[in-house]
Amino acid sequence: QVQLVESGGGLVQTGGSLRLTCAASGRDFSTYAMGWFRQVSGKERMFVAAISGSGVDTANADSVKGRVTISRDNAKNTVYLQMNSLKPEDTAVYYCAARRNFYARFRAFEYDYWGQGIQVTVSS
């Protein structure tokens, strides 16, 4: 069982930056691929970024490419999402997710554990 807790969200102005952190409990963190997703009320949960268990392979959604960096520290059981040049359309609840597999994937149903989510609001 893996428990995930997100932090670092909040209110930021257009063009600003935020770094989200996801702290994971449990063992063998490096064997889990990790992902970040976001969801606007009434809409489906959308892929943002993912990283493999080793941290070597990453992927970003086209909507955030060039503005977002996902990284992880396996010694600290932590994954990060650095978001720069934020836009109002980035406003959403952001979720951290863990997959019981080394390889990262883009679809929400392929992830096994989820955090409670954290609000990110970008003001115009």
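The model shown is predicted, which means the values in this text are computed figures rather than measured ones. Just so you know, these numbers use all the heavy atoms, side chains as well, and skip hydrogens, waters and symmetry mates.
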Discussion item. Let me confirm one number: the CD-CH2 distance from E6 to W114, rounded to the nearest 0.5 Å.
Written reply: 9.5 Å
Discussion item. Going by side-chain contact (heavy atoms from CB on, under 4.5 Å), name the residues that satisfy it together with T78, two or more places apart in sequence or in a different chain.
Written reply: T21, K76, Y80
Worksheet item: Can you find a heavy atom in the side chain of V40 that is under 4.5 Å from one in the side chain of R38?
Response: no
Fill in: OH/Y103: more than 12 non-hydrogen atoms of other groups inside 6.0 Å
no
Item to complete: For T58 and I51, indicate whether the former's side chain and the latter's backbone hold a donor-acceptor pair under 3.5 Å.
Response: no
Discussion item. Please find the pair of heavy atoms, one from A49 and one from N60, that lie closest to each other, and give the distance.
Written reply: CB-OD1, 3.3 Å
Worksheet entry | Close side-chain approach of V48 to Y94, heavy-atom, < 4.5 Å | yes
Discussion item. Distance check, rounded to the nearest 0.5 Å: L18 atom CG versus N84 atom CG?
Written reply: 9.5 Å
Worksheet, complete the sentence: Between the OG atom in S30 and the CG atom in N74, the distance rounded to the nearest 0.5 Å is 5.0 Å
Worksheet entry | Heavy-atom pair with the smallest gap, counting every atom of A104 and A50 | CB-CB, 3.6 Å
Worksheet item: Taking atom types as modelled, is there a side-chain donor on E89 or T91 under 3.5 Å from an acceptor on the other?
Response: no
Worksheet item: Can a cation-pi geometry be assigned to R99 and Y113, taking NZ or CZ under 6.0 Å from the six-membered ring centre and within 45° of the ring axis?
Response: no
Fill in: Considering all heavy atoms, the nearest N77-G26 contact
ND2-O, 3.3 Å
Worksheet entry | Heavy-atom pair with the smallest gap, counting every atom of S17 and Q82 | CB-NE2, 4.0 Å
Worksheet item: Among F106, Y111, Y95, F109, which one satisfies ring-ring contact (aromatic ring centres under 6.0 Å, His included) with F37?
Response: Y111
Worksheet item: Are R100 and D112 within salt-bridge range, i.e. N to O under 4.0 Å?
Response: yes
Fill in: disulfide (SG to SG under 2.5 Å) pairs, two or more places apart, involving residues 92-124
C22-C96
Worksheet item: Roughly how far, to the nearest 0.5 Å, is the CZ atom of R45 from the CD atom of Q39?
Response: 4.5 Å
Worksheet item: Hey, does V79 have a side-chain heavy atom less than 4.5 Å from the side chain of I70?
Response: yes
Item to complete: Would you confirm whether S25, through its side chain, and Q3, through its main-chain N or O, come within 3.5 Å as a donor-acceptor pair?
Response: yes
Worksheet item: Do any N or O atoms from the side chain of N101 and from the backbone of Y32 form a donor-acceptor pair under 3.5 angstrom?
Response: no
Item to complete: Answer whether the closest heavy-atom distance between the side chains of L86 and T14 falls below 4.5 Å.
Response: no
Worksheet item: When you check the gap from the basic side-chain N to the acidic O, do D90 and K87 get nearer than 4.0 Å?
Response: no
Discussion item. With a 4.5 Å cut-off on side-chain heavy atoms, are M83 and V120 touching?
Written reply: yes
Worksheet, complete the sentence: Rounded to the nearest 0.5 Å, the CD1 atom of I118 sits from the CD atom of Q116 at a distance of 7.0 Å
Discussion item. Could you check whether any side-chain heavy atom of L4 comes within less than 4.5 Å of a side-chain heavy atom of M34, counting everything from C-beta outward?
Written reply: yes
Worksheet entry | Approximate separation, where rounding is to 0.5 Å, of S7 OG and L20 CG | 8.0 Å
